[in-house]
Structure formats: C-alpha cells, structure tokens
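Below: one structure, written as structure tokens.
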Amino acid sequence: MKTLKDVKIGETVKVVKLHGEGALKRRIMDMGITKGTDIRVRKVAPFGDPIEITVRGYELSLRKADAEYIEV
C-alpha cells in the first residue's frame, strides 16, 4: 500500500482510498481529497513536514500524519 506520504516531489497520483474515521476522514474530504482525485506533490518542507500539494486546482499544505491516511 502506497500512501501520499511516500510520493516524490513533482509526481502526480490518484487517490485510491481514504483511511481513518470520523472527524479526521471528514476533514480530509472537506479539503477536496476524495477517491479518484488527482494530487500533485509540489514541495516538501526542509524537515519533511508539512508537504505542499495541488488538488483540484489549488495549493494545500498537509501534515505527513494526515497524508498517511490517503492511499494512492
């Protein structure tokens, strides 16, 4: 299983499944990250957290802890 946390800079991937439950899953979905959505990793902060992604035409910063719940 590959998660968004494992994706390299500049790579574009498609969301396969969202893991997690309750408020965490709802928050990820509210950001526009749903099954079948394309995500491009733009850059990663110097210490690896957070990562900046492009999803549905806008930039978004996401903690690596949250990125682990997004299977690509």
Identify each donor-acceptor pair in which a side-chain atom of residues 15-25 lies under 3.5 Å from a protein atom, sequence neighbours left out, and give them as a table.
unit_1	atom_1	unit_2	atom_2	d
H19	NE2	E71	OE1	2.8

Contacts of type salt bridge (Lys or Arg N to Asp or Glu O under 4.0 Å), residue R56, not counting sequence neighbours: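 Here no residue qualifies.
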
Salt bridge (Lys or Arg N to Asp or Glu O under 4.0 Å) partners for K2, two or more places apart: E11

Trace of the side chain to side chain contact (heavy atoms under 4.5 Å, CB included) decision for I51 with K64: CA-CA 7 Å; I51 60 174; K64 277 202 167 181; 4.0 Å; yes

By side chain to side chain contact (heavy atoms under 4.5 Å, CB included) - contacts of K43 (at least two apart): E52

Partners meeting side chain to side chain donor-acceptor pair (under 3.5 Å) with D49 (sequence neighbours left out): none

Residues forming a side chain to side chain donor-acceptor pair (under 3.5 Å) with K14, sequence neighbours excluded: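 Testing K14 for side chain to side chain donor-acceptor pair (under 3.5 Å), a comparison that skips the adjacent residues, returns D38.
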
Show the nearest heavy-atom pair for residues [X] and [Y], with the distance to one decimal.
{"X": "T37", "Y": "I33", "result": "OG1-C, 4.5 Å"}
{"X": "V55", "Y": "G32", "result": "CG2-O, 3.9 Å"}
{"X": "V41", "Y": "K8", "result": "CB-O, 3.7 Å"}

Distance, nearest 0.5 Å, that separates CG of L62 from CD1 of I53: 5.0 Å

Sub-4.5 Å side-chain heavy-atom contact between L4 and V13: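 The answer is yes; the side chains approach within 4.5 Å.
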
Pairing of R63 and D66 as salt bridge, 4.0 angstrom limit: yes

Main-chain N/O of T3 paired with D6 side-chain donor or acceptor, under 3.5 Å: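 Answer holds: yes.
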
